[in-house]
Number of protein chains: 2
Amino acid sequence: MAKRMVSLKDISKACGVSIATVSKALNDHSDISKETKERIRAVADELGYHPNAAAQALKTNRSNNIGVLFVDEANSGLTHDYFSHVLDSFKKKAEQEGFDITFINADKTRTNNMSYLSHAIYRGFDGVVIACVEFADSEVTELINSNIPVVTIDHSFYNRISIVSDNIKGIRDLVTYIYEQGHRKIAYIHGSEDTAVTQSRLSSFYKTLQELDVNIPDEYVVSAPYRNIEKSLEVTNKLLDLPDPPTCILYPDDFAAFGGYNAIRMRGMTVPNDVSVAGYDGIEIARRISPVMTTIVQDTDKIGRTAATKLIDLINNPKGTLIEQIVIEGTLQPGESVGKI
Amino acid sequence: MAKRMVSLKDISKACGVSIATVSKALNDHSDISKETKERIRAVADELGYHPNAAAQALKTNRSNNIGVLFVDEANSGLTHDYFSHVLDSFKKKAEQEGFDITFINADKTRTNNMSYLSHAIYRGFDGVVIACVEFADSEVTELINSNIPVVTIDHSFYNRISIVSDNIKGIRDLVTYIYEQGHRKIAYIHGSEDTAVTQSRLSSFYKTLQELDVNIPDEYVVSAPYRNIEKSLEVTNKLLDLPDPPTCILYPDDFAAFGGYNAIRMRGMTVPNDVSVAGYDGIEIARRISPVMTTIVQDTDKIGRTAATKLIDLINNPKGTLIEQIVIEGTLQPGESVGKI
DNA sequence: TTGAATTACGAAAACGATTAAGTGAGAAAA
DNA sequence: TTTTCTCACTTAATCGTTTTCGTAATTCAA
């Protein structure tokens with residue numbers, strides 16, 4: 001930190017007015033004359049004055065700082081493609097509104113350990129956004145049930161605002177498209193069962209198949225972790241080793257779907273001629289390299305932006321903001337990885 | 001923010017001691033008896049006390065908060081694979097040491113505009129890490145020349161600690177490997193010329209070729225933006241349209257190299273049989289999908305960790321910390337995208 | 001001309017924490 | 001016994017802002 005800050009006091013001395021007057025002038029209060037305001041502002045500039053966030057926060061109980069909590073099963077942190085896009089969009093919107101973003105420590109190994117809530121209180125976050133975490137974690141529920149404004153992403157709580165992507169529609173669109181391409185032997189490698197996202201995708205998968213009057217054997221529905229290329233490769237091989245293998249396989253996400261690409265290629269087969277592959281998320285690379293992946297492109301931009309907007313609404317008007325679940329639709333990208341049969 | 005915080009005052013009342021005693025007890029000062037400390041700590045827990053970062057920062061001039069500044073040409077922000085890995089590693093290390101991470105606003109469109117330096121002073125960051133930015137930006141130099149502890153990544157200033165990846169060695173290793181595979185017609189699509197990274201890679205490219213006694217036509221060295229699949233696709237096509245096309249092409253980064261994959265495939269050719277491709281960075285997807293990319297895998301973990309370590313050293317000991325440029329080597333991943341000739 | 005309203009500012013407390021300096025009691029040293 | 005230390009606290013100032021409540025001077029209404 002700088003040696004010593006230029007403070008209101010310095011300006012007040014230089015201008016021959018009181019500290020209160022300086023504060024009010026800089027905050028554009030109405031009870032300071034135009035001339036005085038201008039003079040004070042000029043001197044402030046000249047002296048190189050910068051407000052002090054700590055002092056302001058202390059006095060006003062407003063930090064203009066939002067806490068971000070993100071933990072995923074793989075601990076991929078910032079390197080998680082889907083989340084990093086959401087966060088990036090969230091950040092942009094929040095910054096436009098004058099908020100900064102600070103991470104809530106997810107590392108539980110650190111010396112000075114604090115619970116998520118403690119951390120949030122310590123930093124005086126005006127609000128917190130929670131994404132992709134294991135929402136059953138007691139520390140998470142503690143945070144959610146606190147009186148700090150919270151918005152959750154991809155998981156809903158009855159008493160909190162949440163932004164979730166439309167997994168029901170996403171899977172329905174995807175499966176319907178695959179069906180329309182002629183596939184009837186459709187397998188689904190879904191992500192970890194204990195997340196809300198997986199649950200809704202899975203139920204939508206079954207429901208859609210039922211509506212389309214497609215029957216699939218139980219062996220077609222298996223589990224693999226999200227974002228894990230090796231595991232999906234393994235599981236893909238098992239599926240293709242079945243006596244009656246599927247003609248199309250859905251994956252937990254695009255990244256995992258690349259594991260499918262690999263497995264299929266390693267068997268000397270090609271996508272989509274021999275086996276079709278569908279991902280989920282629409283990460284950049286999946287949209288850019290051939291065969292372009294058939295997937296649901298998440299509207300990460302909208303998810304992040306909406307989360308920020310709603311959280312800031314909530315911060316500015318804790319009582320008057322509607323608690324709701326906002327569902328954001330993704331769009332089907334037909335791509336090239338699902339072939340016609 | 002919570003209604004009203006439990007403060008030292010509340011504890012002091014509950015314990016019948018002075019506020020000073022409570023403060024010292026919680027900070028484990030030596031002039032408080034063991035019994036009193038224990039009693040105070042118990043009451044603090046019971047009351048649900050959390051320290052107040054703002055008050056602490058105000059009083060101590062220490063925020064335990066590090067500012068992160070990152071801007072790249074594409075404004076990819078957090079979604080930049082290389083940077084997000086570096087940042088993730090930086091964050092982990094910093095958090096272990098009790099620091100939080102806050103972004104320095106890169107959005108210049110916001111209402112309440114502040115220069116990077118103003119922002120850093122405003123938040124009272126103990127230190128700042130700067131990465132991948134356009135380092136010629138006057139706001140950046142202002143920040144670098146301030147008295148805030150700074151560590152830069154991938155760009156060096158004579159009076160500041162910097163962490164840079166070993167681009168000289170990286171390109172040398174890469175080109176040498178390609179040479180050993182029998183290639184003599186080696187083209188280089190390099191990134192934007194105005195960055196230090198590009199400069200050192202480019203000079204290493206020329207130097208290595210010279211040492212290997214390889215001559216290439218001027219047309220083999222062209223420019224395309226970093227992380228831009230479309231542009232590299234275009235430029236690749238131009239290279240392959242040359243009367244005497246290269247047998248191997250180096251790209252600005254792995255992401256861009258996928259543009260090469262695409263261009264080559266769209267011509268009905270295959271990598272590496274018809275044309276060889278080399279990337280740079282070693283992003284996860286490049287290491288995972290076939291043909292596995294021949295590239296230099298950056299040690300993002302070490303870069304981030306080292307940056308954090310050095311910055312914290314500098315914060316804790318501004319005078320006594322050696323100003324140095326730390327070079328972090330990457331490792332050649334042979335991969336499969338460069339073939340034998 | 002007088003009382004009321006308006007304008008432009010100042011004094012001071014408060015937010016929560018830290019810390020230098022001071023204090024009183026008992027223990028140790030002389 | 002007197003002096004000197006230690007020990008275990010307390011007092012009070014301070015960090016930089018904000019904000020409530022005054023208040024003096026000026027303007028306005030009647």
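Order of the sequence lines fixes the chain letters, A, B, ..., with proteins taken first and strands second; residue numbering starts at 1 for each chain.
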Pairs under 3.5 angstrom, nitrogen or oxygen only, protein versus nucleotides 17-21 of chain D, please.
{"from": "D:dT17", "atom 1": "OP1", "to": "A:Tyr49", "atom 2": "OH", "distance (Å)": "2.7"}
{"from": "D:dT17", "atom 1": "OP1", "to": "A:His50", "atom 2": "O", "distance (Å)": "3.4"}
{"from": "D:dT17", "atom 1": "OP1", "to": "A:Asn52", "atom 2": "N", "distance (Å)": "3.3"}
{"from": "D:dT17", "atom 1": "OP2", "to": "A:Leu8", "atom 2": "N", "distance (Å)": "2.7"}
{"from": "D:dT17", "atom 1": "O5'", "to": "A:Tyr49", "atom 2": "OH", "distance (Å)": "3.3"}
{"from": "D:dT18", "atom 1": "OP1", "to": "A:Gln56", "atom 2": "OE1", "distance (Å)": "3.3"}
{"from": "D:dT18", "atom 1": "OP2", "to": "A:Ser23", "atom 2": "OG", "distance (Å)": "2.9"}
{"from": "D:dT18", "atom 1": "OP2", "to": "A:Asn27", "atom 2": "ND2", "distance (Å)": "3.1"}
{"from": "D:dT18", "atom 1": "O2", "to": "A:Lys59", "atom 2": "NZ", "distance (Å)": "3.4"}

Do the side chains of [X] and [Y] get close enough for a salt bridge, i.e. N-O under 4.0 angstrom?
X        : Y        : result
B:Glu35  : B:Arg39  : no
B:Glu95  : B:Lys91  : yes
A:Asp301 : A:Arg305 : yes
B:Asp28  : B:Arg41  : yes

Task: Divergence of helical axes at both termini of the helix from C:dT1-D:dA30 to C:dA30-D:dT1 - five pairs an end, 10° steps - done: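 End axes: 50° apart.
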Open item on the list: Does C:dC9 have its OP1 or OP2 closer than 4.0 Å to a side-chain nitrogen or oxygen of A:Thr36?
Closed with: yes
[X] [atom1] to [N] [atom2], straight-line distance once rounded to whole Å:
X        : N      : atom1 : atom2 : answer
A:Lys34  : C:dT7  : NZ    : P     : 16 Å
A:Arg39  : C:dA8  : CZ    : P     : 13 Å
B:Ile11  : C:dA17 : CD1   : C1'   : 11 Å
B:Ile32  : D:dC7  : CD1   : C1'   : 10 Å
A:Ile121 : C:dG16 : CD1   : P     : 13 Å
A:Lys13  : C:dG10 : NZ    : P     : 15 Å
A:Leu47  : D:dG16 : CG    : C1'   : 15 Å

TODO: Among A:Phe135, A:Phe103, A:Phe83, find the residue that satisfies the ring-ring contact (aromatic ring centres under 6.0 Å, His included) test when tested with A:Phe70.
DONE: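 One option only clears the test, and that one is A:Phe83.
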Task: B:Thr321 backbone acceptor or donor facing B:Asp313 side chain under 3.5 Å - done: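 The answer is no, because no donor-acceptor pair under 3.5 Å joins these two groups.
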Task: From CD1 (A:Ile153) to CD1 (A:Ile328), nearest 0.5 Å - done: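 Separation between the atoms: 9.5 Å.
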Task: B:Ser115/B:Glu139 under side chain to side chain donor-acceptor pair (under 3.5 Å): CA gap, chis, key distance, verdict - done: CA-CA 6 Å; B:Ser115 75; B:Glu139 279 201 15; 5.0 Å; no
Open item on the list: Under the rule for ring pair (Phe, Tyr, Trp, His ring centres under 6.0 Å), what residues qualify as partners of B:Tyr49, not counting sequence neighbours?
Closed with: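 Ring pair (Phe, Tyr, Trp, His ring centres under 6.0 Å) list for B:Tyr49, sorted by chain: empty.
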